[in-house]
Structure formats: structure tokens, C-alpha cells
Amino acid sequence: MPVDRTHCLTLYHDEQIIGYAWTFAETSTNIYLLHFYISQANRRRGLGRACMQALGRQYRQQGYQTIRLMVSAANYLGLKFWVAVGFTHLCYVEAPPENTPTKAIELELQLDLANEEK
């Protein structure tokens with residue numbers, strides 16, 4: 001992963017660090033969200049949504065059209081959050097081969113920045 005296209009962003013609210021986002025400019029039009037974290041004490045306060053809206057505005061202004069991410073199909077709260085903030089396009093389902101010990105399924109979701117509030 002080229003370092004010049006990878007960014008670790010610190011997320012603040014009221015001058016306090018509340019989390020981070022790690023992104024990768026996968027192509028000239030797509031950002032890949034590798035990690036997104038909001039501290040436990042700051043969850044369920046609308047701050048994650050606000051941070052994602054700010055990231056969407058920033059990347060749209062830079063000319064990006066989409067943001068993609070992977071989320072575990074078993075992560076109900078994560079799926080609920082990502083769909084609520086606009087990641088409604090299912091791009092890919094990653095599942096293990098049959099007869100393997102793991103049953104983990106990952107979903108790749110996409111946010112279309114052109115459809116987001118400007």
C-alpha cells in the first residue's frame with residue numbers, strides 16, 4: 001500500500017480526540033476506509049455520523065466519487081451504522097470456501113459521494 005495514498009486521520013470533538021479514520025486512496029475516484037473508530041465513551045451521540053459526513057465532504061471536494069469499506073456480516077451494529085450513514089450499495093461478498101473452519105463473511109459496501117448532501 002503506497003504511503004503517499006494512505007492517511008491516518010485523528011477525529012476531534014470539542015478539542016478532544018474521539019477516534020480515528022485510516023483511509024487509502026485506492027484509485028483517483030475511490031477512497032477505501034480501512035479503519036474507523038469512535039471511542040466507547042463517544043458512541044451513540046451522533047459523532048460517528050458527523051465525522052463520516054465531514055469525511056464525505058472533504059473527499060467529495062477533492063474529487064473522489066465513492067468511499068468503500070468492508071464490514072463483517074456478523075457485526076449487526078456496524079452494519080446498521082454504515083447503512084444509516086449512506087453505505088447502501090453492496091459491492092462484494094467475501095465468504096470462505098466451503099468446508100473451512102471459519103464461517104466469517106465480509107461485506108464490501110459503498111457510499112456514493114455524488115448522492116450525499118452537499
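Note: hydrogens, waters and symmetry copies are ignored here, and every other heavy atom, side chains too, is used. Computed from a prediction, not measured in an experiment: that's the story for all the values here.
- Judged by distance alone, the side chain of Arg60 and the main-chain N or O of Ala114 form no donor-acceptor pair under 3.5 Å.
- Taking all atoms of both residues into account, the shortest heavy-atom contact from Gly48 to Phe36 is O-CZ, 3.7 Å.
- Looking at Gln110 and Asp112, their side chains do bring a donor and an acceptor atom within 3.5 Å of each other.
- For the residue pair Tyr64/Ser28, the side-chain donor-acceptor check at 3.5 Å is not satisfied.
- Donor-acceptor pairing under 3.5 Å is recorded for the side chains of Ser39 and Asn42.
- Nearest heavy atoms, Glu94 versus Tyr92: CB-CE2, 3.5 Å.
- Residues Trp82 and Leu111 form no side-chain contact, since every pair of their non-hydrogen atoms from C-beta on lies 4.5 Å or further apart.
- With rounding to the nearest 0.5 Å, the separation of CE in Met52 from CD1 in Ile38 is 9.5 Å.
- Counting only heavy atoms from C-beta outward, the side chains of His89 and Arg68 never approach each other to under 4.5 Å.
- Between Ile105 and Ala95 the shortest heavy-atom distance is CG1-CB, 4.2 Å.
- Leu34 places none of its side-chain heavy atoms less than 4.5 Å from the side chain of Met70.
- From His7, atom NE2 reaches atom CD of Gln58 across 9.0 Å, with rounding to the nearest 0.5 Å.
- You'll find the side chain of Thr66 stays beyond 4.5 Å of the side chain of Leu113, heavy atoms only.
- Residues Phe24 and Ile31 are not in side-chain contact: their nearest non-hydrogen atoms beyond the backbone lie 4.5 Å or more apart.
- Residues Tyr12 and Gln16 form no side-chain contact, since every pair of their non-hydrogen atoms from C-beta on lies 4.5 Å or further apart.
- Note that CG of Leu11 is 6.0 Å distant from CD1 of Ile18, once rounded to the nearest 0.5 Å.
- The two atoms that bring Ala73 and Leu79 nearest to each other are O-CD1, 3.6 Å, heavy atoms only.
- The OG1 atom of Thr23 lies 13.0 Å from the OH atom of Tyr32; values are rounded to the nearest 0.5 Å.
- Considering every non-hydrogen atom in both Pro96 and Ala104, the closest pair reads CD-O, 2.8 Å.
- Rounding to the nearest 0.5 angstrom, the gap separating the CG atom in Leu33 from the CG atom in Leu9 is 9.5 Å.
- Arg49 places a side-chain N or O within donor-acceptor distance of the main-chain N or O of Ala84, the cut-off being under 3.5 Å.
- Hydrophobic clustering (side-chain heavy atoms under 4.5 Å, transitive across Ile, Leu, Val, Met, Phe, Trp, Tyr) groups Leu69 together with Val93.
- Contact check for Val71 versus Leu109: side-chain heavy atoms found under the 4.5 Å cut-off.
- In this structure, the side chains of Val85 and Phe81 come closer than 4.5 Å at one or more pairs of heavy atoms.
- The shortest non-hydrogen separation linking Tyr20 to Cys8 is CD1-SG, 4.3 Å.
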